[in-house]
Amino acid sequence: MLKVKLFAFIVLGVISTSCKDDENALKNLFSIENPTIKPILKLEESIDLVLQNKENKTIDSVVYYINEVKIGSVKGNEKLPFALSNQKLGNQTIKALVYFEGQNIDITSGFSIYASAEPKVLNYKIINTYPHDINAYTQGFEFYNGVLLEGTGQYKESTLRKTDYKTGKVTEQIKLEDKYFGEGITVLKDKIYQLTWQEKTGFVYDAKTFKLEKTFPYEMEGWGITNDGEKLYMSDGSEKIYILNPETLKVEDYINVYTNGAKIEAVNELEWVNGKIWANVYQKDAIAIINPKNGSIEAIINLSELKTKVTKHAEIDVLNGIAYNPATKTYFVTGKNWDKVFEITVE
(Lines give C-alpha, C1' and ligand atoms only; values in the text may rest on other atoms or scores of the structure.)
Protein backbone atom coordinates (compact mmCIF):
# COMPACT_ATOMS: atom_id res chain seq x y z
CA MET A 1 0.00 0.00 0.00
CA LEU A 2 2.87 2.37 0.81
CA LYS A 3 4.36 1.82 -2.65
CA VAL A 4 0.97 2.53 -4.27
CA LYS A 5 0.64 5.81 -2.35
CA LEU A 6 4.18 6.79 -3.23
CA PHE A 7 3.55 6.06 -6.90
CA ALA A 8 0.35 8.10 -6.84
CA PHE A 9 2.15 11.01 -5.18
CA ILE A 10 4.90 10.95 -7.81
CA VAL A 11 2.36 10.80 -10.66
CA LEU A 12 0.35 13.69 -9.22
CA GLY A 13 3.54 15.69 -8.85
CA VAL A 14 4.46 15.09 -12.47
CA ILE A 15 0.96 16.08 -13.62
CA SER A 16 1.04 19.25 -11.50
CA THR A 17 4.45 20.22 -12.88
CA SER A 18 3.30 19.50 -16.41
CA CYS A 19 0.18 21.66 -16.00
CA LYS A 20 2.29 24.49 -14.64
CA ASP A 21 4.68 24.21 -17.57
CA ASP A 22 1.75 24.28 -19.99
CA GLU A 23 0.33 27.38 -18.30
CA ASN A 24 3.68 29.15 -18.44
CA ALA A 25 4.03 28.26 -22.11
CA LEU A 26 0.63 29.82 -22.81
CA LYS A 27 1.54 32.95 -20.83
CA ASN A 28 4.71 33.31 -22.88
CA LEU A 29 2.64 33.65 -26.05
CA PHE A 30 1.63 37.19 -25.11
CA SER A 31 2.95 40.25 -23.29
CA ILE A 32 1.51 43.66 -22.38
CA GLU A 33 4.72 45.66 -22.72
CA ASN A 34 4.81 48.57 -25.16
CA PRO A 35 6.52 52.00 -25.29
CA THR A 36 3.63 53.79 -23.53
CA ILE A 37 3.94 51.61 -20.42
CA LYS A 38 7.10 53.01 -18.87
CA PRO A 39 8.29 51.93 -15.42
CA ILE A 40 7.39 55.35 -13.99
CA LEU A 41 4.49 57.43 -15.26
CA LYS A 42 2.67 60.59 -14.16
CA LEU A 43 -1.02 61.21 -13.56
CA GLU A 44 -1.42 63.35 -16.66
CA GLU A 45 -0.20 60.56 -18.91
CA SER A 46 -2.09 57.70 -20.54
CA ILE A 47 -1.15 54.20 -21.66
CA ASP A 48 -2.18 51.97 -24.55
CA LEU A 49 -3.24 48.49 -23.59
CA VAL A 50 -2.53 46.12 -26.44
CA LEU A 51 -0.89 42.71 -26.55
CA GLN A 52 2.32 41.65 -28.14
CA ASN A 53 1.18 38.48 -29.94
CA LYS A 54 4.43 36.62 -30.45
CA GLU A 55 3.11 33.69 -32.52
CA ASN A 56 0.19 35.49 -34.20
CA LYS A 57 -2.45 33.52 -32.38
CA THR A 58 -6.09 34.29 -33.23
CA ILE A 59 -7.30 36.39 -30.31
CA ASP A 60 -11.05 36.48 -29.72
CA SER A 61 -11.10 39.14 -27.00
CA VAL A 62 -9.10 40.64 -24.15
CA VAL A 63 -10.39 41.90 -20.80
CA TYR A 64 -8.11 44.36 -18.98
CA TYR A 65 -7.84 45.04 -15.25
CA ILE A 66 -5.74 47.51 -13.29
CA ASN A 67 -5.26 46.64 -9.63
CA GLU A 68 -7.97 43.97 -10.06
CA VAL A 69 -10.54 46.53 -11.22
CA LYS A 70 -11.94 45.89 -14.70
CA ILE A 71 -11.30 48.88 -16.94
CA GLY A 72 -12.53 47.57 -20.29
CA SER A 73 -12.51 44.85 -22.93
CA VAL A 74 -11.75 44.72 -26.66
CA LYS A 75 -12.53 42.42 -29.53
CA GLY A 76 -9.53 40.74 -31.04
CA ASN A 77 -6.41 42.63 -30.09
CA GLU A 78 -7.66 46.18 -30.52
CA LYS A 79 -5.86 48.95 -28.62
CA LEU A 80 -7.51 50.19 -25.41
CA PRO A 81 -6.28 53.68 -24.40
CA PHE A 82 -6.42 54.36 -20.67
CA ALA A 83 -5.87 57.71 -18.92
CA LEU A 84 -4.16 57.61 -15.52
CA SER A 85 -5.68 60.79 -14.10
CA ASN A 86 -8.03 58.99 -11.69
CA GLN A 87 -5.56 56.38 -10.47
CA LYS A 88 -3.86 56.31 -7.10
CA LEU A 89 -0.18 57.09 -6.96
CA GLY A 90 2.09 54.11 -6.46
CA ASN A 91 2.48 50.66 -7.90
CA GLN A 92 -0.07 49.53 -10.49
CA THR A 93 -0.71 45.95 -11.66
CA ILE A 94 -2.10 45.35 -15.14
CA LYS A 95 -3.83 42.05 -15.85
CA ALA A 96 -5.02 40.94 -19.29
CA LEU A 97 -7.42 38.02 -19.54
CA VAL A 98 -6.86 36.69 -23.08
CA TYR A 99 -9.36 34.48 -24.92
CA PHE A 100 -7.86 32.78 -27.96
CA GLU A 101 -8.38 29.64 -30.03
CA GLY A 102 -10.70 28.01 -27.50
CA GLN A 103 -8.39 28.75 -24.56
CA ASN A 104 -7.85 31.54 -22.07
CA ILE A 105 -4.95 32.75 -20.01
CA ASP A 106 -4.20 35.79 -17.85
CA ILE A 107 -0.93 37.70 -18.00
CA THR A 108 0.32 40.53 -15.84
CA SER A 109 2.62 43.51 -15.96
CA GLY A 110 3.07 46.67 -13.94
CA PHE A 111 4.30 50.23 -13.55
CA SER A 112 4.33 53.01 -10.96
CA ILE A 113 2.65 56.43 -10.92
CA TYR A 114 4.52 59.31 -9.31
CA ALA A 115 3.35 62.86 -8.58
CA SER A 116 3.29 65.19 -11.57
CA ALA A 117 5.28 68.12 -10.22
CA GLU A 118 8.22 68.73 -7.92
CA PRO A 119 7.10 69.94 -4.47
CA LYS A 120 7.36 73.65 -3.80
CA VAL A 121 9.60 74.72 -0.93
CA LEU A 122 7.72 77.05 1.41
CA ASN A 123 9.26 79.54 3.81
CA TYR A 124 8.24 80.05 7.41
CA LYS A 125 8.65 82.68 10.10
CA ILE A 126 8.68 82.17 13.87
CA ILE A 127 6.32 84.65 15.50
CA ASN A 128 6.22 83.25 19.04
CA THR A 129 7.98 80.67 21.18
CA TYR A 130 6.21 78.99 24.11
CA PRO A 131 7.29 76.52 26.80
CA HIS A 132 6.58 72.82 26.33
CA ASP A 133 6.91 69.85 28.67
CA ILE A 134 10.40 68.49 27.99
CA ASN A 135 9.22 65.02 29.08
CA ALA A 136 6.34 64.93 26.57
CA TYR A 137 7.07 62.47 23.77
CA THR A 138 4.72 64.27 21.41
CA GLN A 139 2.67 62.07 19.10
CA GLY A 140 -0.49 64.08 18.43
CA PHE A 141 -1.08 67.84 18.50
CA GLU A 142 -4.37 69.63 17.79
CA PHE A 143 -6.42 72.66 18.81
CA TYR A 144 -9.97 72.23 20.07
CA ASN A 145 -12.01 75.32 21.02
CA GLY A 146 -8.82 77.29 21.62
CA VAL A 147 -7.24 74.62 23.83
CA LEU A 148 -4.16 72.72 22.69
CA LEU A 149 -4.66 68.96 22.95
CA GLU A 150 -1.65 66.67 22.99
CA GLY A 151 -1.19 62.92 22.85
CA THR A 152 2.11 61.54 24.11
CA GLY A 153 3.86 58.20 23.73
CA GLN A 154 6.25 55.71 25.38
CA TYR A 155 5.16 52.67 27.34
CA LYS A 156 4.12 53.47 30.91
CA GLU A 157 4.19 57.20 30.09
CA SER A 158 1.53 57.73 27.38
CA THR A 159 -1.11 60.38 27.99
CA LEU A 160 -3.89 62.47 26.54
CA ARG A 161 -3.75 66.04 27.84
CA LYS A 162 -5.12 69.55 27.62
CA THR A 163 -2.52 72.30 27.66
CA ASP A 164 -2.43 76.05 28.07
CA TYR A 165 -0.18 76.64 25.10
CA LYS A 166 1.00 80.07 26.31
CA THR A 167 2.38 78.71 29.59
CA GLY A 168 2.93 75.08 28.67
CA LYS A 169 0.95 74.06 31.77
CA VAL A 170 -1.00 70.81 31.54
CA THR A 171 -4.52 71.57 32.77
CA GLU A 172 -6.04 68.09 32.44
CA GLN A 173 -4.58 64.68 31.70
CA ILE A 174 -5.46 61.03 31.25
CA LYS A 175 -2.75 58.40 31.56
CA LEU A 176 -3.06 55.37 29.29
CA GLU A 177 -2.54 51.88 30.66
CA ASP A 178 1.12 50.88 30.79
CA LYS A 179 0.66 48.35 27.98
CA TYR A 180 -0.20 51.10 25.47
CA PHE A 181 2.18 53.30 23.49
CA GLY A 182 0.14 56.39 22.63
CA GLU A 183 0.21 57.82 19.12
CA GLY A 184 -1.69 60.44 17.08
CA ILE A 185 -4.88 62.24 18.05
CA THR A 186 -7.61 64.18 16.24
CA VAL A 187 -10.97 65.76 17.13
CA LEU A 188 -14.05 65.19 14.99
CA LYS A 189 -17.53 66.32 16.03
CA ASP A 190 -16.57 66.71 19.70
CA LYS A 191 -14.93 63.28 19.83
CA ILE A 192 -11.21 62.73 20.38
CA TYR A 193 -9.71 59.79 18.53
CA GLN A 194 -6.39 58.51 19.86
CA LEU A 195 -4.25 55.75 18.34
CA THR A 196 -1.76 53.36 19.86
CA TRP A 197 1.38 52.13 18.12
CA GLN A 198 1.59 48.33 17.96
CA GLU A 199 -1.34 47.45 20.17
CA LYS A 200 -3.77 47.96 17.25
CA THR A 201 -6.23 49.68 19.56
CA GLY A 202 -7.77 53.13 19.31
CA PHE A 203 -9.74 55.16 21.84
CA VAL A 204 -12.69 57.53 21.45
CA TYR A 205 -13.24 60.17 24.14
CA ASP A 206 -15.75 62.93 24.73
CA ALA A 207 -13.68 66.01 23.85
CA LYS A 208 -15.31 68.16 26.53
CA THR A 209 -15.12 65.74 29.46
CA PHE A 210 -12.22 63.42 28.44
CA LYS A 211 -14.51 60.50 29.28
CA LEU A 212 -13.56 57.33 27.41
CA GLU A 213 -16.53 56.26 25.28
CA LYS A 214 -15.21 53.24 23.41
CA THR A 215 -12.19 51.45 22.02
CA PHE A 216 -11.78 50.19 18.45
CA PRO A 217 -9.43 47.75 16.71
CA TYR A 218 -7.46 48.17 13.49
CA GLU A 219 -5.15 45.91 11.51
CA MET A 220 -2.10 48.12 10.91
CA GLU A 221 0.20 50.03 13.25
CA GLY A 222 -1.14 53.35 14.51
CA TRP A 223 0.97 56.47 13.83
CA GLY A 224 -0.83 59.70 12.92
CA ILE A 225 -4.49 60.64 12.54
CA THR A 226 -6.48 63.64 11.31
CA ASN A 227 -9.86 64.36 9.74
CA ASP A 228 -11.52 66.47 7.05
CA GLY A 229 -14.72 67.09 9.02
CA GLU A 230 -16.30 63.89 7.72
CA LYS A 231 -13.69 61.13 7.46
CA LEU A 232 -10.66 60.08 9.47
CA TYR A 233 -7.21 59.83 7.84
CA MET A 234 -4.71 57.50 9.49
CA SER A 235 -1.02 56.76 8.86
CA ASP A 236 0.80 53.55 9.78
CA GLY A 237 4.45 54.38 9.17
CA SER A 238 4.37 53.36 5.51
CA GLU A 239 3.59 55.48 2.44
CA LYS A 240 -0.12 54.80 2.94
CA ILE A 241 -2.73 57.07 4.51
CA TYR A 242 -5.94 55.18 5.22
CA ILE A 243 -9.40 56.75 5.09
CA LEU A 244 -11.71 55.53 7.86
CA ASN A 245 -15.43 55.84 8.49
CA PRO A 246 -15.72 57.57 11.91
CA GLU A 247 -18.86 55.61 12.80
CA THR A 248 -17.75 52.09 11.90
CA LEU A 249 -14.02 52.89 12.25
CA LYS A 250 -13.38 50.65 9.26
CA VAL A 251 -10.99 51.45 6.40
CA GLU A 252 -12.89 52.60 3.31
CA ASP A 253 -10.03 53.70 1.06
CA TYR A 254 -6.42 54.84 1.08
CA ILE A 255 -3.91 57.03 -0.74
CA ASN A 256 -0.18 56.52 -1.33
CA VAL A 257 2.20 59.40 -0.63
CA TYR A 258 4.66 60.19 -3.44
CA THR A 259 6.71 63.05 -4.80
CA ASN A 260 7.55 63.32 -8.48
CA GLY A 261 10.62 61.21 -7.83
CA ALA A 262 10.09 58.93 -4.83
CA LYS A 263 7.75 57.05 -2.56
CA ILE A 264 7.61 58.70 0.88
CA GLU A 265 7.46 56.23 3.73
CA ALA A 266 7.24 56.78 7.50
CA VAL A 267 4.39 59.29 7.22
CA ASN A 268 3.70 60.19 10.84
CA GLU A 269 1.74 62.91 12.66
CA LEU A 270 -1.05 64.44 10.55
CA GLU A 271 -3.00 67.70 10.52
CA TRP A 272 -5.79 68.79 8.18
CA VAL A 273 -5.28 72.40 7.03
CA ASN A 274 -7.46 74.11 4.42
CA GLY A 275 -8.15 71.01 2.37
CA LYS A 276 -4.64 69.54 2.57
CA ILE A 277 -2.92 67.03 4.84
CA TRP A 278 0.13 68.38 6.62
CA ALA A 279 2.39 65.54 7.75
CA ASN A 280 5.55 64.95 9.68
CA VAL A 281 7.80 62.30 8.16
CA TYR A 282 9.57 60.29 10.85
CA GLN A 283 13.26 61.14 11.20
CA LYS A 284 12.85 64.16 8.91
CA ASP A 285 12.66 67.64 10.48
CA ALA A 286 10.26 68.82 7.81
CA ILE A 287 6.56 68.99 6.99
CA ALA A 288 5.06 67.56 3.81
CA ILE A 289 1.85 69.08 2.44
CA ILE A 290 -0.16 66.34 0.75
CA ASN A 291 -3.06 66.39 -1.70
CA PRO A 292 -5.63 64.11 0.01
CA LYS A 293 -7.24 63.16 -3.29
CA ASN A 294 -4.22 61.47 -4.81
CA GLY A 295 -1.38 61.48 -2.25
CA SER A 296 0.99 63.78 -4.12
CA ILE A 297 3.28 65.98 -2.03
CA GLU A 298 2.67 69.50 -3.25
CA ALA A 299 4.98 71.40 -0.90
CA ILE A 300 7.52 70.94 1.86
CA ILE A 301 8.67 73.10 4.77
CA ASN A 302 12.19 72.54 6.05
CA LEU A 303 12.10 73.06 9.83
CA SER A 304 15.49 71.56 10.67
CA GLU A 305 16.66 74.87 12.17
CA LEU A 306 14.10 74.58 14.97
CA LYS A 307 15.94 71.73 16.65
CA THR A 308 18.90 74.05 17.19
CA LYS A 309 16.66 76.33 19.26
CA VAL A 310 15.58 73.76 21.89
CA THR A 311 17.46 72.48 24.91
CA LYS A 312 19.76 69.55 24.13
CA HIS A 313 19.43 66.52 26.39
CA ALA A 314 19.68 62.74 26.22
CA GLU A 315 16.02 62.09 25.41
CA ILE A 316 15.51 64.72 22.71
CA ASP A 317 14.07 63.34 19.49
CA VAL A 318 12.75 64.48 16.12
CA LEU A 319 10.24 67.11 15.05
CA ASN A 320 6.74 65.73 15.58
CA GLY A 321 3.62 67.76 16.20
CA ILE A 322 1.58 70.06 13.94
CA ALA A 323 -1.39 72.01 15.26
CA TYR A 324 -3.20 74.61 13.16
CA ASN A 325 -4.96 77.29 15.18
CA PRO A 326 -7.91 78.55 13.11
CA ALA A 327 -8.38 81.52 15.44
CA THR A 328 -4.95 82.95 14.63
CA LYS A 329 -4.40 81.17 11.30
CA THR A 330 -0.96 80.16 12.52
CA TYR A 331 0.80 76.84 13.00
CA PHE A 332 2.19 75.40 16.22
CA VAL A 333 5.01 72.87 15.88
CA THR A 334 7.13 70.96 18.36
CA GLY A 335 9.08 67.74 18.72
CA LYS A 336 9.43 64.67 20.90
CA ASN A 337 10.82 65.79 24.26
CA TRP A 338 11.32 69.36 23.10
CA ASP A 339 11.08 72.11 25.70
CA LYS A 340 9.55 74.60 23.24
CA VAL A 341 6.59 75.02 20.92
CA PHE A 342 7.06 77.37 17.97
CA GLU A 343 4.20 79.39 16.51
CA ILE A 344 4.94 80.02 12.85
CA THR A 345 3.45 81.54 9.75
CA VAL A 346 4.02 79.96 6.35
CA GLU A 347 4.49 81.74 3.04
Side-chain angles (χ1 to χ4, degrees), residues 89 115 117-130 132 136-143 148-153 165 183-187 195 223-228 233-242 255-310 316-326 328-338 340-347:
L89 300 181
E118 184 176 353
K120 298 177 181 177
V121 178
L122 303 182
N123 297 315
Y124 71 95
K125 179 180 179 181
I126 300 171
I127 59 173
N128 282 301
T129 302
Y130 302 107
H132 180 246
Y137 193 80
T138 305
Q139 301 285 69
F141 219 42
E142 187 159 334
F143 275 94
L148 185 59
L149 303 180
E150 184 170 6
T152 70
Y165 72 85
E183 286 284 347
I185 64 169
T186 193
V187 185
L195 303 177
W223 283 45
I225 188 167
T226 190
N227 74 87
D228 64 0
Y233 293 74
M234 174 182 170
S235 63
D236 69 343
S238 70
E239 78 280 10
K240 282 185 164 51
I241 296 178
Y242 299 90
I255 57 174
N256 297 312
V257 180
Y258 275 72
T259 67
N260 62 321
K263 173 174 69 176
I264 304 302
E265 297 180 300
V267 177
N268 200 2
E269 213 269 314
L270 307 176
E271 181 83 353
W272 188 274
V273 183
N274 298 326
K276 306 294 181 182
I277 297 173
W278 289 44
N280 290 125
V281 178
Y282 187 54
Q283 299 295 346
K284 306 292 184 183
D285 291 319
I287 291 173
I289 300 175
I290 302 166
N291 184 327
K293 294 181 179 179
N294 59 32
S296 62
I297 295 182
E298 297 182 341
I300 57 173
I301 310 166
N302 181 358
L303 296 173
S304 58
E305 183 191 11
L306 296 184
K307 199 170 182 179
T308 68
K309 299 179 180 294
V310 298
I316 194 170
D317 210 322
V318 295
L319 178 83
N320 200 56
I322 311 165
Y324 177 68
N325 188 346
T328 59
K329 295 183 171 57
T330 55
Y331 308 86
F332 289 67
V333 294
T334 191
K336 301 170 187 286
N337 301 124
W338 287 18
K340 294 181 178 63
V341 173
F342 299 94
E343 183 181 7
I344 64 173
T345 56
V346 176
E347 300 173 359

Would you say [X]'s side chain and [Y]'s backbone share a donor-acceptor pair under 3.5 angstrom?
X	Y	result
Ser235	Gly237	no
Trp338	Leu306	no
Thr334	Lys340	yes

Ile322 side chain near Ile287 side chain, heavy-atom distance below 4.5 Å: yes
By the side-chain hydrogen bond (donor to acceptor under 3.5 Å, both in side chains) test, which pairs, at least two apart or in different chains, include something from [range]?
range	value
residues 280-290	none
residues 257-275	Asn268-Asn320
residues 287-305	Tyr124-Glu305, Lys276-Glu298, Asn291-Glu298, Asn294-Ser296, Asn302-Ser304

[atom1]-[atom2] distance between [X] and [Y], expressed to the nearest 0.5 angstrom:
X	Y	atom1	atom2	answer
Glu239	Ile241	CD	CD1	10.0 Å
Tyr130	Tyr165	OH	OH	5.0 Å
Tyr324	Thr226	OH	OG1	13.0 Å
Tyr242	Ile225	OH	CD1	13.5 Å
Thr152	Tyr137	OG1	OH	11.0 Å
Ile344	Tyr331	CD1	OH	8.0 Å

Nearest heavy-atom pair of [X] and [Y]: which atoms, and what distance?
X	Y	value
Leu148	Ala323	CD1-CB, 3.8 Å
Ala288	Ile297	CB-CD1, 3.9 Å
Gly151	Ile185	N-CD1, 3.7 Å
Gly153	Gln139	N-CG, 3.5 Å

Side chain to side chain donor-acceptor pair (under 3.5 Å) evaluation trace for Asn227 with Tyr233: CA-CA 6 Å; Asn227 74 87; Tyr233 293 74; over 6 Å; no
Sequence-distant partners of [X], side-chain contact (heavy atoms from CB on, under 4.5 Å), two or more places apart:
X	result
Ala279	Val267, Leu270, Ile290
Ala299	Lys120, Leu122, Ile289
Thr328	Asn325, Thr330, Phe332, Glu343

Step-by-step side chain to side chain contact (heavy atoms under 4.5 Å, CB included) determination, Ile316 to Val310: CA-CA 9 Å; Ile316 194 170; Val310 298; 3.5 Å; yes
From CA spacing to verdict: side chain to side chain contact (heavy atoms under 4.5 Å, CB included), Glu142, Glu150: CA-CA 7 Å; Glu142 187 159 334; Glu150 184 170 6; over 6 Å; no
Audit row: Val257, Leu89, side chain to side chain contact (heavy atoms under 4.5 Å, CB included) steps and yes/no: CA-CA 7 Å; Val257 180; Leu89 300 181; over 6 Å; no
